[in-house]
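Okay, so here's the structure we're looking at.
Convention: sequence-line order gives letters A, B, ...; per-chain numbering from 1. Just the heavy atoms: all of them, side chains too, but no hydrogens, waters or symmetry mates, feed the values below.
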Amino acid sequence: MKTRTAPAASASLVIVESPTKVATIQKILGAGHTVASTKGHFADIPERGDAVDTENGFAVRYRLTEKGAAVIAELRDLLDGATELVLATDADREGEMIAHLLVEFLEPTVPVKRVRFGAITPDAVREAMANPTAIDASLVEAARTRRVLDHLFGFRVSPELWSKVRTGLSAGRVQSPALRMVVERERERMDFIKASYCSIEMTSGTDPVFEAVLRTLDGTQVAGSGDFDEHGEISRGMRVVDEVLAGDLVARLGASPLTVTGIENRDYRRRAPLPYITSSLLQDAVNRLGIGSKAAQAALNTLFAAGHITYPRTDSPHIAPQAVAAARAAAIQLFGDGCVPEKARHHRAKNRNAQEAHEALRPTVMSRREVKSAGTNAARIYDLIWRRTVASQMLDATGTTTTVSMTTVAAGKRETCVFTVSGTVIEVPGFRAVTGDDRGEPALPPLAVGDVVPVGAFGFTPHTTKPPARYTEASLIKALEEKGIGRPSTYAPIMASLKERYVWSRRGERALIPTVTAFAVDQVMQKCFAALTHEKFTSTMEDRLTEIVEGKAGYVDVLSAFYLEGDGTWPALSRLIEDGRNLFDPRVTPVMSFGVHPELSEEAVLRAGKAFKSRNGAWMPRPYLACGDRTVPVPDATEMDTLTRAHVFELLVQDRSPRTIGEHGGREVRIEFGVYGAYVRWGGEIARMPRDLDVLAASFEEIRGLLDNPPEPKARKAAAGTGRTRARKSSVARKPRKKR
DNA sequence: CAGTGAGCGAGCTTCCGCTTGACTT
């Protein structure tokens with residue numbers, strides 16, 4: 001709440017972006033200053049496809065948003081009695097634009113200063129206030145260019161998806177490459193060819209017991225999981241041990257002891273981690289705590305509002321000097337004098353697109369070891385942040401990794417078998433002492449060349465190679481951050497928006513699985529707009545924006561190259577749109593083709609389908625398989641790597657008429673086929689057919705358990721609805737989907 | 001959740017990046 005008392009005679013109105021910063025800065029500046037906030041952007045270009053006049057110098061007009069009008073009205077009142085206006089918005093591109101728009105909409109008659117706080121500490125704030133500058137017009141120009149480019153991308157490309165795939169779909173500079181990565185990964189999984197191999201292990205008869213693995217067989221390397229490519233082919237010069245050979249070898253090895261034939265020592269070093277930035281924290285929240293990006297970001301906001309941590313949306317690992325000192329002191333207090341490097345560490349962002357307007361995520365007060373409400377997301381995340389902050393100032397973890405080679409000769413064919421085992425002795429635990437990820441390295445008994453190692457047993461384990469893992473929220477955020485796509489304030493919203501339309505996860509799992517719709521959309525993007533979904537698109541754009549900041553290019557140059565003319569790297573968007581209209585017709589080209597069906601003698605294809613209204617009024621996408629005039633619906637939330645050619649062919653000829661298989665409690669039990677696959681119905685009750693049962697052959701006995709304990713009805717978490725229940729006009733913040 | 005894919009055409013959808021509340025439980 002802002003007070004409406006008349007400002008003091010020589011009051012200066014200081015405007016920041018975040019209301020939660022106001023109190024802190026007010027306290028630092030004291031009387032004579034009134035601190036207020038814009039609550040982020042308050043003006044924007046209209047949400048209409050024709051908001052940008054591409055014919056006339058890409059002219060746009062920023063207008064106040066509904067909430068923004070109220071903010072500006074309030075700031076105007078405060079400005080009334082002020083003698084100067086201080087623009088203290090964030091020291092990044094968007095912050096410069098907000099400062100510029102403040103001048104445009106407030107129309108101040110008093111002197112205007114621009115200050116940039118490096119951190120919200122008394123020293124940093126006072127120093128910034130003492131060194132005011134002016135608004136950087138070229139930074140504003142770069143911000144406007146970014147805004148208009150994103151608008152053109154989103155609002156001119158999305159309609160192409162409506163005509164080619166289905167209404168309501170979306171494309172954008174950030175979401176389209178993100179979707180591309182998820183879909184591409186799924187394709188890699190579909191094309192992946194598994195390979196089988198065995199590992200042969202020796203369990204020692206020593207104390208402590210250790211396990212060594214067969215590395216070479218008669219001088220030839222034995223293949224492990226990393227030695228196969230995606231086609232299941234083995235790298236050259238490697239040997240695959242199959243089950244027959246493995247069983248035979250183990251039998252012939254008997255219990256013959258090994259002789260140590262080599263010992264190799266290597267230095268071991270793990271660098272102390274950088275302090276958290278938003279993206280790395282969200283990754284750890286997901287990976288280490290199992291907290292989703294949305295909940296994690298919300299917890300960060302809570303911690304910030306309570307004054308426990310620094311600003312929660314940051315791309316800089318830099319920490320203010322006093323905080324570095326406090327972190328070192330905390331480390332020394334816990335682990336003694338020798339646990340920190342002589343010189344304090346200072347970190348800069350690795351990503352060259354980082355704007356570093358805020359400090360790293362760190363506790364505001366290092367002596368606050370924990371926050372109240374133990375066990376909550378906020379408390380657990382605070383603990384992560386506290387530990388990481390201390391860890392970032394501690395020594396690297398160092399030690400020695402020892403690899404021991406042991407040799408024996410198998411009976412019979414007398415192959416020479418070399419087994420190896422590695423162990424690491426940590427000499428300096430360094431930061432690991434505080435982050436707690438001190439993985440217990442297996443201890444090895446002291447061994448020397450020539451020693452005989454008694455054997456407990458030989459054995460073997462069959463393995464198959466695994467396709468590349470699907471992205472999770474954590475790994476996708478990491479990939480986006482590394483490629484400079486998206487900003488700290490947008491990672492969590494991007495994940496939410498992908499989940500709303502294009503990806504889903506199995507219950508209780510984190511892997512992001514693209515929907516059929518996602519494949520259809522990505523196909524259009526690849527066929528018609530490939531250059532725009534390239535992972536380098538954003539970094540190329542950032543290079544152009546840098547040229548604007550450096551005065552080497554202008555707003556019209558960059559947008560004209562993007563939209564009208566194209567340049568070396570970008571084909572003109574207007575041209576792509578026009579060409580794309582003739583280039584790709586989804587009625588001709590299906591989402592996927594499986595070849596000619598051997599019985600139906602027509603091409604089997606997967607189509608995205610249009611949306612149908614479900615019982616509860618939501619518009620649901622309905623993809624289907626088609627072959628001639630036969631169609632079979634498939635859920636949008638399908639794991640595409642299960643749609644193998646054989647499975648598709650089978651689905652197309654499957655008898656899908658309902659059949660009665662028994663009776664339960666006086667009611668007929670039937671297997672029926674719905675749009676989401678087979679299900680069991682008895683009376684009014686319904687249960688999805690378990691995945692592992694053969695739909696055609698399932699007997700009454702097999703589904704009996706289902707009848708007694710019907711599974712919980714699945715929460716309709718809208719894997720991918722195009723239908724929205726939320727109405728969204730103007731730039732009012734997104735509301736969560738209403739529960740039905 | 002649990003049976004639709006024609007054709008016509010009205011009226012609608014959609015971006016990224018800043019930032020909080022105001023609803024409940």
Side-chain angles (χ1 to χ4, degrees), chain A residues 16-21 37-45 47-49 51-52 65 67-68 71 89-90 92-95 97-98 101 143 146-162 166-176 298 301 304-305 311-313 357 485-491 493-494 497 501 538 587 607-616 618-620 622-624 626 629 631-633 635 656 658 672-681 686-689 713-716 718-719 722-724 727-728 731-733 735-736 738-740:
Chain A
V16 296
E17 286 179 42
S18 163
T20 27
K21 286 180 185 171
S37 79
T38 70
K39 301 182 184 172
H41 273 298
F42 50 82
D44 196 7
I45 59 182
E47 286 196 303
R48 293 184 9 223
V52 181
T65 59
K67 282 169 141 181
V71 169
T89 49
D90 293 353
D92 55 20
R93 201 161 59 209
E94 296 299 320
M97 178 54 108
I98 293 175
L101 291 169
R146 195 282 306 160
R147 179 69 192 92
V148 169
L149 189 148
D150 282 343
H151 189 277
L152 287 172
F153 190 146
F155 281 68
R156 304 276 166 125
V157 175
S158 296
E160 302 306 308
L161 296 177
W162 306 343
R166 192 185 299 139
T167 62
L169 297 173
S170 61
R173 176 177 57 80
V174 172
Q175 62 172 274
S176 294
N301 294 346
F304 173 60
Y311 199 69
R313 291 172 288 270
I485 302 172
R487 303 271 310 130
S489 68
T490 62
Y491 296 126
I494 290 164
S497 119
R501 258 189 295 262
T538 288
R587 282 165 305 184
R607 295 194 181 280
K610 42 186 191 184
F612 284 81
K613 208 166 193 166
S614 72
R615 284 280 153 85
N616 46 33
W619 287 86
M620 298 294 292
R622 290 283 170 77
Y624 61 99
D629 46 16
T631 64
V632 176
R656 298 172 71 81
E672 299 180 7
F673 292 83
V675 288
Y676 304 104
Y679 60 97
V680 183
R681 177 199 291 282
I686 270 174
R688 182 193 279 264
M689 192 76 188
K714 228 181 177 170
R716 262 204 76 261
T722 43
R724 317 296 249 294
R728 198 154 66 86
S731 50
V732 179
K735 289 197 185 83
K738 287 262 191 306
K739 287 228 179 70
R740 279 173 294 268

Could you tell me which residues satisfy side-chain hydrogen bond (donor to acceptor under 3.5 Å, both in side chains) with [X], sequence neighbours excluded, listed by chain and number?
X         : answer
Arg487(A) : Asp315(A)
Thr20(A)  : Ser18(A)
Asp150(A) : Arg146(A), Arg173(A)
Ser176(A) : none

Below 3.5 Å between N/O atoms, which protein atoms pair up with nucleotides 5-10 of chain B? Just atom names and distances, please.
from	atom 1	to	atom 2	distance (Å)
dG5(B)	N7	Thr631(A)	OG1	3.3
dG5(B)	N2	Arg622(A)	O	3.3
dA6(B)	OP2	Lys610(A)	NZ	3.2

Judged by each residue's nearest nucleotide on DNA chain B, which is more toward the 5′ side, Arg48(A) or Gly486(A)?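 Nearest-nucleotide comparison on DNA chain B picks Arg48(A).
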Starting at atom CZ of Arg166(A), determine the distance to atom P of dT4(B), rounded to an integer number of angstrom.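 Taking atom P of dT4(B) as the reference, CZ of Arg166(A) is at 18 Å.
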To the nearest Å, give me how far apart NE2 (His151(A)) and C1' (dG17(B)) are.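 Distance check: His151(A) NE2 to dG17(B) C1' gives 13 Å.
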Do Arg487(A) and dC16(B) have a side chain to base donor-acceptor pair shorter than 3.5 Å?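 Between dC16(B) and Arg487(A), which were checked side chain against base, a qualifying N/O pair under 3.5 Å is absent.
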For Arg607(A), give me all partners under salt bridge (Lys or Arg N to Asp or Glu O under 4.0 Å), at least two apart in sequence or on another chain.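 Here no residue qualifies.
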For Arg147(A), what residues pass the salt bridge (Lys or Arg N to Asp or Glu O under 4.0 Å) criterion, not counting sequence neighbours?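 For Arg147(A) the salt bridge (Lys or Arg N to Asp or Glu O under 4.0 Å) partners, ignoring immediate neighbours, are Asp44(A).
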Output yes if the stacking criterion (under 5.5 Å between centres, under 30° between planes) is met for Phe153(A) over the base of dC15(B), else no.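 It does not: the ring fails the test against the base of dC15(B).
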Identified stems (criterion: three or more consecutive Watson-Crick or G-U pairs, under 3.5 Å), DNA chain B: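 So far as stems of 3 or more pairs are concerned, DNA chain B shows none.
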Using the ring pair (Phe, Tyr, Trp, His ring centres under 6.0 Å) criterion, which residues pair with Tyr624(A)? Sequence neighbours excluded.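 Counting only residues at least two positions away or on another chain, Tyr624(A) forms no ring pair (Phe, Tyr, Trp, His ring centres under 6.0 Å).
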